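Bear in mind the structure is a predicted one, so any value in this text is a computation, not a measurement.
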Amino acid sequence: MLHDFTSQFWANTVDGLTVGSIYALVALGYTMVYGVLRLINFAHSEIFMIGTFGGLTLIQVVGFDNGPYTGIALVGVLLACLVASMVASGGAALLLELIAYRPLRRKGASRLAALISAIGASLFLQELFATLVIPHFFGHGGGRDPIHVPDLLKKETLFSIGSGDVRNDKLLIFVAAIVMMVILDRFVNASKLGRGIRATAQDPETAVLLGVNIDRVVVVTFLVGGLMAGAAGFFFALLYQQTMFNIGFILGIKAFTAAVLGGIGNLRGALVGGFTLGLVENYGGSIFGSEWKDVIAFTLLVVILLFRPTGILGESLQQARA
């Protein structure tokens, strides 16, 4: 076992950072909504799932399934599919807030009611895709089988680090996650809307007195989280070339684990938590076997909650400063 760990260390590191990038992007949605509303949005995993289908829809409608592409065509196709995935997830997140959460918030419902609404919305979206969307729009009669996503780029090894081969798709996912994280961090810390988000997270009542539009802040929060989940959905489909109606269930729980690990409500913590979780589960998989990856991830969640519930960084969104 230890021999497998040492011999596959760099390969596991590359894979861990790649999947950790996807965890981090999804975790950003959890951490932003919690930072502002103190709500665990368990339907966020289905927002990620919708993102995978957003890109696939564009591929089928426009005819991008003749890949792999190269050169300028590749850049254009990747950007178009990325935008389609982000728009699909962003729109779904806005509808989720409007239908499932806003009525409860305006009536002053408890957080437990909002949590139950989130779980109900999650199950509803899964079954909606399994029984209606997939059979009618993607040609899969059962609706519950994995759906192949066409290859858009030829996956090639760019360079190697020890035993780890760094492919073009993995490098793209890692770099894109870092860039999106930096852009989001500057948005929250330097923009007017970002200041409104931080003010609402710190003290909603005072923020209202200072002229902050709470509804607008909540909408932007869900929209940004949805956009990040959509990007993660596209990158997941690009990496694994498949999706299905419940593709976000386990990954969503792992992304929530990453958010808690880094510090729930902390944007930078989501990135740190995503990378850490990706590395830990890949290292653990090489020691105990790949079938233990999920066990390792959820065990890590329990350990963090027991010994450091504030996470690695432990700073909430409301404490961020420009």
Side-chain angles (χ1 to χ4, degrees), residues 22-23 25-27 29-30 33 39-65 80-104 109 112-152 219 222-223 225-257 294 298:
I22 296 174
Y23 292 158
L25 288 173
V26 180
Y30 284 109
V33 171
L39 166 68
I40 303 299
N41 178 20
F42 280 119
H44 191 60
S45 57
E46 277 56 61
I47 301 301
F48 161 82
M49 177 269 292
I50 291 173
T52 66
F53 282 99
L56 179 59
T57 299
L58 184 67
I59 291 173
Q60 293 186 349
V61 171
V62 179
F64 287 156
D65 51 356
C81 291
L82 174 62
V83 170
S85 294
M86 294 177 71
V87 169
S89 288
L94 291 179
L95 287 175
L96 179 67
E97 190 277 328
L98 178 65
I99 297 172
Y101 300 134
R102 185 178 298 185
L104 296 177
L112 178 60
L115 179 62
I116 294 173
S117 180
I119 296 173
S122 174
L123 296 174
F124 169 78
L125 288 172
Q126 285 187 29
E127 293 304 314
L128 176 67
F129 270 72
T131 60
L132 181 63
V133 176
I134 295 175
H136 287 81
F137 296 98
F138 295 94
H140 285 252
R144 299 179 185 274
D145 299 324
I147 301 174
H148 175 72
V149 177
D151 200 0
L152 298 179
V219 166
F222 273 86
L223 175 62
L227 293 176
M228 295 298 105
F234 168 71
F235 293 138
F236 180 92
L238 182 69
L239 180 64
Y240 296 108
Q241 291 184 248
Q242 72 171 13
T243 184
M244 61 188 304
F245 78 102
N246 62 349
I247 198 72
F249 179 68
I250 295 296
L251 190 140
I253 298 177
K254 289 185 178 181
F256 174 67
T257 301
D294 292 346
F298 301 140

Distance-minimising heavy-atom pair for [X] and [Y]:
X    : Y    : value
F245 : G143 : CD2-O, 3.8 Å
D65  : P150 : CB-CG, 3.7 Å
S45  : G248 : CB-O, 3.0 Å
G233 : T52  : O-CG2, 3.3 Å
I47  : G226 : CG2-CA, 3.9 Å
A80  : F64  : CB-CE1, 4.2 Å

query = Parallel under 30°, tilted from 30 to 60°, perpendicular over 60°: which one fits the rings of Y101 and F222?
reply = tilted
ask   = If we only count heavy atoms from C-beta on, is the T243 to F138 side-chain gap below 4.5 Å?
value = no
ask   = Between L223 and E97, is any pair of side-chain heavy atoms under 4.5 Å apart?
value = no
message = As a quick check of understanding, evaluate side-chain contact (heavy atoms from CB on, under 4.5 Å) for F53 and V133, giving each step before the final call.
response = CA-CA 10 Å; F53 282 99; V133 176; 5.9 Å; no
Nearest 0.5 Å, what's the [atom1]-[atom2] distance between [X] and [Y]?
X    : Y    : atom1 : atom2 : value
L56  : Q241 : CG    : CD    : 11.5 Å
D294 : I253 : CG    : CD1   : 9.0 Å
L94  : I99  : CG    : CD1   : 11.0 Å

ask   = Between T131 and R144, is a side-chain contact (heavy atoms from CB on, under 4.5 Å) present by the stated rule, with each step listed?
value = CA-CA 8 Å; T131 60; R144 299 179 185 274; 4.0 Å; yes
ask   = Step by step, would you call L82 with L238 a side-chain contact (heavy atoms from CB on, under 4.5 Å)?
value = CA-CA 10 Å; L82 174 62; L238 182 69; over 6 Å; no
request  = For F249, look at atom CZ and say whether over 12 heavy atoms of other residues, nucleotides or ligands are found less than 6.0 Å away.
outcome  = no
Verdict with reasoning, I247 to F48, per side-chain contact (heavy atoms from CB on, under 4.5 Å) = CA-CA 8 Å; I247 198 72; F48 161 82; 4.0 Å; yes
